2 protein chains.
Amino acid sequence: MSPHRTRRRIPDATVARLPIYLQILSAQLDGGTSNLSSEELATLAGVNAAKVRKDLSYLGSYGTRGVGYEVQYLVYQIRRELGLDHEWNVVILGAGNLGQALSGYGGFTERGYPIAGIFDIDPDKVDTLVGGVRVRPLDELAQVVAARSVSIGVIATPPVAAQDAADRLVRAGVTSILNFAPTLVNAPLGITVRTVDMSVEMQILSYHEQRRVAAASSLRSVQADGSRNQTA
Amino acid sequence: MSPHRTRRRIPDATVARLPIYLQILSAQLDGGTSNLSSEELATLAGVNAAKVRKDLSYLGSYGTRGVGYEVQYLVYQIRRELGLDHEWNVVILGAGNLGQALSGYGGFTERGYPIAGIFDIDPDKVDTLVGGVRVRPLDELAQVVAARSVSIGVIATPPVAAQDAADRLVRAGVTSILNFAPTLVNAPLGITVRTVDMSVEMQILSYHEQRRVAAASSLRSVQADGSRNQTA
DNA sequence: ACGTCTTTGTGAACGCGTGCACAACCGTTC
DNA sequence: GAACGGTTGTGCACGCGTTCACAAAGACGT
Ligand SMILES: NC(=O)c1ccc[n+]([C@@H]2O[C@H](COP(=O)([O-])OP(=O)(O)OC[C@H]3O[C@@H](n4cnc5c(N)ncnc54)[C@H](O)[C@@H]3O)[C@@H](O)[C@H]2O)c1
Ligand SMILES: NC(=O)c1ccc[n+]([C@@H]2O[C@H](COP(=O)([O-])OP(=O)(O)OC[C@H]3O[C@@H](n4cnc5c(N)ncnc54)[C@H](O)[C@@H]3O)[C@@H](O)[C@H]2O)c1
């Protein structure tokens, strides 16, 4: 019926690791490595080899038994699966400390997420230049989103304005939101929201730190949780 | 034997949610709410009520049946559990875009993580002021860490320098590291490392975005994964 | 052509996290 | 003081993610 066969669902945990594999594989490719075993990739990614194989198996059978995986082909497959076969334009709301850092950061464009625009509600900020880009007023948001087919929006406003920012993004037509404000933002059904709260990360660290002191006598080490952190 | 009874281990998933509860409860306290049920807290945090109760039960039985939880007392208990009953000095390595944004961000000091110093390897950056703080040379790192009992270090250097930065932090005596460079950093046993890679977040978003387009006909919504993100 | 060596792909067991459901319990009212 | 509405704390079942372990399969040498 559909031109593409409906792809099977990839577990969230795997999706979260694919970018890490991709980054390692890209680096290996640049370094001239053309082939890699699950064992080697696992070591580089700091995970279990069986996990690597299972993760990659969700993409299909792209390895060769006795040999390993062809790096270039794997990179292509992961990129395709993550939707990186084309660029995703991004808008940023809030041109403060963080918004400016994000805007001036080359890593996003490099990885296929060019900044289509940065917006601020403050008239004093509007029309100033940050990282070579002009800060735009909010009333240009819908227009930019439509003109450049933006589907990802980043919230870098103060916490109190985060919900307002999210509402504006949704109204403008954005369907995925990356929220850096330490607040829960609500969005209608069908909109994906991810919140990255740096203070939460700090608090998780200090929990372990505090625990380490409390249990100074027991030598048992704290184990790492799922999302790419180690205590080793 | 020990003055404090050894506290039972709290699941990682719960530890990751405690800061969120704390933030909500603090806001409620400021707003004059003195009591809150698990149902209300669950709604505010966007999670299941049973999960809230189970999470809080790891701290002890601090609720009252038929009534709910006393906000002030709960705030105190969560803060204690997260090690927030005293301040944690933090050092930042790398005074670039991100390092400066972090340094100028009041939210960390507010939450009990004052910036004890920001360091850079570039002589041109050293001695400049960012957010009112002087950028220090790396050879002052060990001294600052010792003098101000710093146990948390933040890596905001380019990816290639991240491992070097981690090594310096460890040598200086830091035992917890928050790494913003998109690279795996290795640390000796006993050191906790958390990596926050913003590009990974973007890629997770675009995966869902790409998937949404592919499966335009099926109305099934993508479900959220564990770490505080919604698709609702 | 065949055997050996290496590595994949996956079935199966296990463990952790989530959510339901309910008994235990508190406060309040009559 | 007894009955009642409300909320906690938790036993239990379920599902997802991780890891082990091994058969299947390609590559290579003889
Ligand atoms: N700066 C950091 O390093 C850092 C670290 C962690 C988290 N955060 C979070 O990121 C967010 C931004 O932090 P910051 O330091 O850049 O704050 P900031 O105050 O420097 O900048 C916020 C900007 O958002 C603009 N703004 C306010 N309301 C807006 C709206 N409705 N729409 C669009 N723009 C609006 C303001 O004019 C301001 O320019 C905050 O929620 C903060 O908690 C920042
Ligand atoms: N800027 C962002 O918004 C952003 C977003 C996501 C991720 N990141 C990541 O954060 C890191 C920093 O990004 P940035 O944009 O601030 O980079 P940047 O190039 O602006 O700053 C890096 C700073 O680190 C310093 N440095 C280099 N080697 C060092 C060392 N060994 N010890 C101490 N300092 C050293 C450099 O002199 C420079 O000042 C990078 O790894 C980047 O990938 C940044």
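Keep in mind that this is a model prediction, so the values were computed, not measured. Every chain is numbered from 1 and lettered A, B, ... according to where its sequence line falls, protein lines coming before strand lines.
The main-chain N or O of B/Pro182 is found under 3.5 Å from a side-chain atom of A/Gln23 such that the two form a donor-acceptor pair.
A donor-acceptor pair shorter than 3.5 Å cannot be found between the side chains of B/Arg212 and A/Ser151. A/Gln203 and A/Tyr207 share no donor-acceptor pair across their side chains, judged by distance under 3.5 Å alone.
Remark: P of D/dC16 and CG of A/Asp12 are 10 Å apart, rounded to the nearest angstrom. Whole-Å rounding puts the B/Tyr62 OH to C/dC26 P distance at 17 Å. When the C1' atom of C/dT18 is taken as reference, atom CG of B/Leu56 falls 15 Å away, rounded to whole Å. For the pair A/Tyr58 OH and C/dG9 P, the interatomic distance rounds to 13 Å; values are reported in whole Å. Regarding A/Ile10, its CD1 atom lies at a distance of 16 Å from the P atom of D/dC16, rounded to whole Å. Between A/Glu40 atom CD and C/dT6 atom C1' the separation is 12 Å, expressed in whole Å.
B/Thr175 is linked by a side chain to side chain donor-acceptor pair (under 3.5 Å) to A/Glu209, counting only residues two or more places apart in sequence or in another chain. With sequence neighbours excluded, no residue satisfies ring-ring contact (aromatic ring centres under 6.0 Å, His included) with A/Tyr76. In this structure B/Tyr113 satisfies the side chain to side chain donor-acceptor pair (under 3.5 Å) test together with A/Ser206, sequence neighbours excluded. Looking at residues two or more places apart in sequence or on another chain, you find a side-chain contact (heavy atoms from CB on, under 4.5 Å) between A/Glu39 and A/Ser37, A/Ala49. Qualifying side chain to side chain donor-acceptor pair (under 3.5 Å) partners for A/Thr157, counting only residues two or more places apart in sequence or in other chains: none. Residues meeting the side chain to side chain donor-acceptor pair (under 3.5 Å) test with A/Asp167, sequence neighbours left out: A/Gln163. The ring-ring contact (aromatic ring centres under 6.0 Å, His included) test applied to A/Phe180 returns no partner, not counting sequence neighbours.
Taking 4.0 Å as the cut-off between side-chain N and carboxylate O, A/Lys51 and A/Asp55 do not count as a salt-bridged pair.
Just one of A/Val174, A/Val145, A/Ile152, A/Val193 meets the side chain to side chain contact (heavy atoms under 4.5 Å, CB included) condition when paired with A/Leu169; it is A/Val174. For the side chain to side chain contact (heavy atoms under 4.5 Å, CB included) criterion with A/Met202, the lone passing option out of B/Leu82, B/Leu178, B/Leu84 is B/Leu178.
Five base pairs at each end of the helix from C/dA1-D/dT30 to C/dC30-D/dG1 define two local axes, and these are offset by 0° (rounded to 10°).
If B/Glu39 and A/Asp55 are placed on DNA chain D by their nearest nucleotide, the residue sitting closer to the 5' end is B/Glu39.
Near DNA chain D, meaning a heavy atom under 4.0 Å from it, residues 28-36 of chain A has no residue at all. A heavy-atom distance below 4.0 Å to DNA chain C is reached by these residues of residues 67-74 of chain A, ordered by number: A/Val67, A/Gly68, A/Tyr69.
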When the side chains of residues 26-36 of chain B are checked against the rest of the protein, which donor-acceptor pairs come out under 3.5 Å, sequence neighbours left out?
residue	atom	partner	partner atom	Å
B/Ser26	OG	B/Leu22	O	2.7
B/Gln28	OE1	B/Thr33	OG1	3.1
B/Asn35	ND2	B/Val67	O	3.4

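In terms of polar N and O atoms assigned as donor or acceptor, the side chain of B/Arg65 never comes within less than 3.5 Å of the base of D/dT7 in a complementary pairing.
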All N/O contacts under 3.5 Å from nucleotides 19-21 of chain C to the protein, with atom names and distances to one decimal?
residue	atom	partner	partner atom	Å
C/dG19	OP2	B/Lys51	NZ	3.1
C/dG19	O6	B/Lys54	NZ	2.6
C/dC20	OP2	B/Asn48	ND2	3.3
C/dA21	N6	B/Arg53	NH2	3.2

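Of the side-chain N and O atoms in A/Ser38, one or more sit less than 4.0 angstrom from OP1 or OP2 of C/dT8.
Relative to the side chain of A/Thr64, the nucleotides D/dT8, D/dG26, D/dT10 differ in distance, and D/dG26 lies closest.
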